[in-house]
Every structure is written in structure tokens, then in C-alpha cells.
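Quick caveat: nothing in here was measured; it's all calculated off a predicted structure. Each chain gets a letter, A, B and so on, in the order the sequences are listed, and its residues count up from 1.
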2 protein chains.
Amino acid sequence: MTTVDEPARSGGRLRDAARTRAEILDVATAEFARAGYAGARVDEIAARTRTTKRMIYYYFGGKEQLFTAVLERAYSVIRQAEQELDVEHLDPVAAIRRLAELTFDHHEAHPDFIRLVSIENIHEAEHIAASEELGRIGSPALEVIRRILASGRKAGLFTADVDAVDLHAMISSFCFFRVANRHTFGALFGRDLVAADQREHYRTMLGDMVIAYLTADRASD
Amino acid sequence: MTTVDEPARSGGRLRDAARTRAEILDVATAEFARAGYAGARVDEIAARTRTTKRMIYYYFGGKEQLFTAVLERAYSVIRQAEQELDVEHLDPVAAIRRLAELTFDHHEAHPDFIRLVSIENIHEAEHIAASEELGRIGSPALEVIRRILASGRKAGLFTADVDAVDLHAMISSFCFFRVANRHTFGALFGRDLVAADQREHYRTMLGDMVIAYLTADRASD
DNA sequence: TGACTAACGAACCAGTTCGTACATTAGTCG
DNA sequence: CGACTAATGTACGAACTGGTTCGTTAGTCA
């Protein structure tokens with residue numbers, strides 16, 4: 001990650017490894033998200049930085065490793081957000097709805113992250129596979145879901161016997177699709193899924209969908 | 001080998017514009033889906049064809065237009081599949097479930113198409129925007145959904161007052177995510193969403209979800 | 001202070017990539 | 001048949017791109 005120990009000096013140092021590294025990562029994130037892995041230009045990233053291309057190779061080794069570092073930092077952000085989830089004081093139904101809404105909000109707030117994930121999937125997650133860090137991180141949200149599901153089942157509120165990972169996939173799929181595919185969807189169906197005045201509508205729709213699924217009377221099958 | 005150089009072609013003509021064009025499109029589809037727009041190599045496409053790069057420029061004009069042509073054909077395939085939808089003889093609940101399942105099946109059967117859509121979204125649907133053909137096609141599935149929703153509401157089966165486009169987005173999001181993000185999801189959560197032995201599970205889950213949403217008692221909100 | 005190292009910059013290079021100029025041939029039609 | 005056009009193949013090049021070589025400077029510490 002970018003957190004190399006901050007040198008004691010504070011003022012605008014000319015030479016500041018941590019700052020340079022972080023700036024490269026910021027610019028690289030935007031560039032990769034903009035143009036995809038192959039479309040991203042190392043020269044372009046360097047040009048938008050206060051440093052030079054030499055430094056990218058000095059700190060990261062190459063384009064491939066730079067992209068991996070970008071992914072690592074992007075995932076660490078979402079992991080951190082998930083760690084701050086505080087919904088378990090709510091009743092199970094409200095907790096799940098709140099969790100879904102927070103996932104919804106996070107996707108909307110981080111379109112670059114969504115693009116990076118799309119790009120990484122085009123490349124069959126090879127960078128995640130190559131990263132030690134990304135390989136062993138779990139999802140804090142998953143644990144939260146697990147606990148809410150357990151208590152909801154215990155209270156007889158949730159009829160569906162869903163697995164936490166599957167529920168996470170269900171919630172994520174809606175949030176992800178809305179942001180990731182907004183361009184083709186908009187072009188083909190003439191509807192902007194991310195329009196500001198539709199936000200509450202889709203947020204509610206997601207919650208309704210998840211709760212309906214969890215509380216449905218499955219006997220009618 | 002078997003066919004070194006056959007001067008006198010039997011059935012297949014030596015010069016066949018339609019065939020050459022189609023072969024280029026086939027190979028280009030695979031190549032773009034494999035590596036993304038920028039990552040795809042025109043030389044590579046040419047090499048895998050029985051013709052040369054010259055022909056790609058002769059028939060399509062350039063890489064950009066070739067990709068647009070690839071998208072146009074890919075979308076025409078799904079449009080055609082949707083036109084063969086035959087679910088309206090079923091009762092509304094069964095019809096929606098069947099429609100969802102067919103969408104599910106189509107996504108699973110056409111991973112290259114999913115990748116192309118992901119790629120096109122990275123490029124903000126600029127090729128769809130540039131295509132006259134793609135701009136004015138509607139979705140046959142949308143009309144089907146509209147009719148089923150209307151009859152379901154009329155029969156008092158569907159409590160939710162959903163819009164057809166939104167329901168289409170809901171169904172698509174789950175199907176799309178499962179295929180498009182299977183690599184990162186698998187790497188991060190250790191679960192293969194496209195594993196053969198999980199297929200029925202997710203297919204059922206999708207149907208349950210959609211039906212639960214449509215038939216839920218929204219009064220409890 | 002002066003040597004030593006981390007951090008940095010400019011210029012360069014070798015391989016690649018899209019695109020094209022030029023030459024040629026198969027098929028068709030009067 | 002012979003001219004004419006659609007279709008095709010070869011070879012090449014200008015621009016670009018990831019990566020490197022070589023040299024410089026700021027900061028640190030003995």
C-alpha cells in the first residue's frame with residue numbers, strides 16, 4: 001500500500017517517497033479506469049504526475065505491478081468502508097436493508113473502482129491472483145451478513161435459507177450493474193440508471209427486492 | 001498437411017466477400033472479447049483469419065469500425081433470441097420466471113457477448129452511440145415483460161408497481177454480474193458463480209428473487 | 001563536513017501497432 | 001474472348017510504447 005512511514009519532516013519536501021508513490025497511484029487509478037489496462041499509457045500517467053516515468057518503474061517495477069498496486073489500494077478502501085458498517089443494532093430486516101443501501105451508496109460513490117473491477121475481470125483476475133495481499137483478504141461485510149442472517153432466521157423473520165456469499169452477490173450485482181453498465185443500458189433503453197432523480201427509486205427497489213426475497217413464503221413454489 | 005494448396009476450389013469460392021467478412025467478424029469478436037478494445041491486435045485478428053489485414057481495412061475501414069460491427073452483430077444475436085421468446089401462454093408468475101431463466105441461460109451461453117458489453121461500457125458506449133443500427137433497435141424482451149406485467153397486475157398477482165425497464169435491469173444485473181464478475185468474485189470469495197453444479201441453484205435463486213419482489217406485500221414498508 | 005544512499009530526471013531504445021501504397025488476380029459481363 | 005471491377009496479398013513505414021541507461025541531487029549520518 002501507499003503507507004510508507006511518513007518522514008518526520010512536514011513541509012513540502014522536494015523528495016518525498018511516500019507522496020510521490022501516492023500521487024502515482026492516484027493518477028494511475030484514474031488512467032486505468034479511464035482507458036482499461038491496455039489502453040492506459042504509462043507515459044500519460046507520468047505526465048500527469050509531478051514526477052517522471054522513471055519513478056513509476058523505480059517504485060512499482062512495471063505497468064503490470066502498477067495496476068496490481070492500484071487494485072490493492074482500491075480494494076483496501078472498500079474493505080475499510082465495510083469495517084465501519086454499523087447495522088447490527090437494527091432488527092434483521094432493517095439491518096439488511098441498511099446494508100444493501102450502504103453497498104448501493106458505495107458503488108455510486110466509487111465509479112472508478114467499479115471500472116477497475118470490470119477491467120480486472122476482462123483480464124480474468126490475473127492481477128488479483130498475482131497479489132499476495134488481495135488473495136488473503138476476506139470481506140468484513142460478509143461476516144456482518146452472516147450474523148444478520150443468523151439472527152433473522154432465529155427470529156423467524158427470514159424464510160429463505162440463503163448463504164451469506166450468495167446474498168452478497170445478489171446485492172452487489174444490482175449495485176454493480178447499475179453503475180458499470182449505465183452507458184450501454186442508457187444508449188439502448190434510453191434510461192440513465194444513475195440519474196440523480198432516480199437514485200432513491202433504485203435504492204428502495206434494491207432494498208425491497210432483497211427483503212422480499214428473504215421474507216417470501218417459499219412454500220408457494 | 002491435408003490441404004496445402006488447392007487451386008480449384010470445390011464448393012467454397014476462392015473469393016467470397018460475404019464469407020471473408022463473416023470470418024473477420026468471428027475472429028474479431030473473440031479477439032476483442034479476449035483482450036479488450038485497446039488490447040486487441042489487428043494483426044492478430046488478421047493472422048487468425050484465412051485472409052489478411054488488408055481485408056479488414058478494405059471491409060471495415062479501421063479498428064474502431066470493426067469493433068462497432070462486432071457489437072452490432074453481437075446485439076443482433078440477442079435480439080433474435082429475444083424475438084423467439086414464447087412465454088406468454090403461461091400464467092404471469094410462471095412467465096416471468098421462465099423469462100428470467102431464459103435470460104440467465106443466454107448470459108451463461110454467451111460469455112463473449114458479456115465481455116464485449118463490459119468493454120463497451122469502459123468506453124462509455126461510444127461505439128453504440130456511433131452506430132445507426134444500434135441506436136434505433138429496441139428490445140423485444142422489453143415488450144414481453146410489459147405485457148406480462150400488465151396481465152399480472154390485472155390478475156392481482158403482482159403487488160409491485162414496477163416498470164418493465166427496471167425489471168429488465170433487475171433480471172439482467174444478476175445474470176450479468178454472475179458471468180462478468182466471476183473471476184474477481186471467485187478470487188476474492190473463493191466461490192465460482194459459474195460452476196456447473198451451482199447452475200440450478202442460481203437459476204432458481206434468480207427466479208425466486210424476481211417473483212418474491214413482484215408478489216411481496218409492500219404494505220409492511 | 002564529507003561520504004554515502006535514496007530519490008529523481010532526461011534522453012534514449014528496441015519492439016510493436018495501426019494503417020497504407022502498390023501490385024495482382026478471380027470473376028463477370030458486354 | 002477481353003475489358004473491367006471487386007477482391008486480395010505483400011511489404012513497408014511512421015508513430016507510439018513500455019522499459020532502460022546514465023547521470024544528478026537532496027538528505028542523512030558517521
Side-chain angles (χ1 to χ4, degrees), chain A residues 2-28 31-32 34-70 119 123 126-127 130, chain B residues 4-28 31-32 34-70 119 123 126-127 130:
Chain A
T2 62
T3 50
V4 186
D5 309 70
E6 192 82 32
R9 306 277 304 258
S10 54
R13 294 184 11 163
L14 228 70
R15 310 201 145 191
D16 186 336
R19 219 205 57 83
T20 301
R21 245 187 89 99
E23 190 180 355
I24 291 172
L25 276 180
D26 285 342
V27 176
E31 172 71 359
F32 280 122
R34 182 188 67 81
Y37 176 75
R41 300 290 165 237
V42 177
D43 281 300
E44 182 65 21
I45 294 170
R48 297 195 187 198
T49 311
R50 259 174 289 182
T51 184
T52 64
K53 186 165 59 156
R54 175 72 182 76
M55 288 299 98
I56 293 174
Y57 288 87
Y58 182 69
Y59 284 117
F60 298 97
K63 190 183 185 182
E64 205 99 22
Q65 294 107 299
L66 175 59
F67 185 67
T68 303
V70 163
I119 292 161
H123 296 279
E126 63 183 39
H127 304 94
Chain B
V4 186
D5 46 288
E6 276 182 86
R9 282 295 149 96
S10 45
R13 294 177 19 156
L14 212 69
R15 311 202 145 190
D16 186 337
R19 218 205 58 82
T20 301
R21 246 187 88 100
E23 190 179 355
I24 291 173
L25 276 180
D26 285 342
V27 176
E31 172 71 358
F32 280 121
R34 182 188 68 79
Y37 176 75
R41 300 290 164 236
V42 178
D43 280 300
E44 182 65 22
I45 294 170
R48 297 194 188 200
T49 311
R50 258 175 289 183
T51 182
T52 65
K53 186 166 55 158
R54 175 72 183 76
M55 288 300 98
I56 294 174
Y57 288 87
Y58 182 69
Y59 284 118
F60 298 96
K63 191 182 182 182
E64 206 97 22
Q65 294 106 300
L66 175 60
F67 185 67
T68 302
V70 164
I119 291 161
H123 296 279
E126 62 183 40
H127 304 93

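Across C/dA21, D/dG18, C/dC18, the shortest atom-to-atom separation from the side chain of A/V42 is found for D/dG18. For A/Y58, whose side chain is taken as the heavy atoms from C-beta onward, the closest listed nucleotide among D/dT21, C/dA7, C/dC18 is C/dA7. For B/K53, taking side-chain heavy atoms from C-beta onward, the closest of the listed nucleotides D/dG19, D/dG9, C/dG19 is C/dG19.
Between A/F32 atom CZ and D/dT17 atom P there is a gap of 13 Å when expressed in whole angstrom units. When rounded to the nearest whole Å, the span between CD of A/Q65 and P of D/dG18 equals 14 Å. Rounded to a whole Å, the CZ atom of B/F60 is 14 Å from the C1' atom of D/dA7. For the pair A/I45 CD1 and D/dG18 P, the interatomic distance rounds to 8 Å; values are reported in whole Å. Put simply, OH on A/Y57 is 18 Å from P on C/dA11, counting in whole angstrom units. Taking atom CD1 on B/I56 and atom P on C/dT20, their separation rounds to 13 Å, with Å as the unit. Taking atom CE of residue A/M55 and atom C1' of nucleotide D/dT25, one finds them 12 Å apart after rounding to whole Å. Separating the CD atom of B/E64 from the C1' atom of C/dG19 is a distance of 14 Å, rounded to the nearest angstrom.
A sub-4.0 Å separation between OP1 or OP2 of D/dG9 and a side-chain N or O of B/R54 is absent. The side chain of B/T20 contributes no N or O atom lying less than 4.0 Å from OP1 or OP2 of D/dA7. Remark: A/R41 is not in phosphate contact with D/dC16, judged by side-chain N or O atoms under 4.0 Å from OP1 or OP2.
Closest-nucleotide positions on DNA chain C for A/D43 and A/T52 were compared, and the one nearer the 5' end corresponds to A/T52.
A/E31 places no side-chain N or O within 3.5 Å of a backbone atom of A/V42 that could act as its donor or acceptor partner. Here the side chain of A/E23 pairs a donor or acceptor atom with the backbone of A/R50 at under 3.5 angstrom.
Using a 4.0 Å heavy-atom distance criterion, A/Y59 is classed as a sugar-phosphate-only contact. As judged by a 4.0 angstrom heavy-atom cut-off over every strand, B/T51 is placed among residues touching the sugar-phosphate backbone only. Counting non-hydrogen atoms under 4.0 angstrom, A/A40 reaches the backbone sugars and phosphates but no base.
Ring geometry for A/H127 against A/Y37 counts as tilted: the plane angle lies between 30° and 60°, on a 0 to 90° scale.
Each of A/K63, A/K53, A/R48 was checked for a salt bridge (Lys or Arg N to Asp or Glu O under 4.0 Å) with A/D43, and the lone residue meeting it is A/K53.
Considering OG1 of B/T51 and OH of B/Y58, their distance stands at 11.0 Å, rounded to 0.5 Å.
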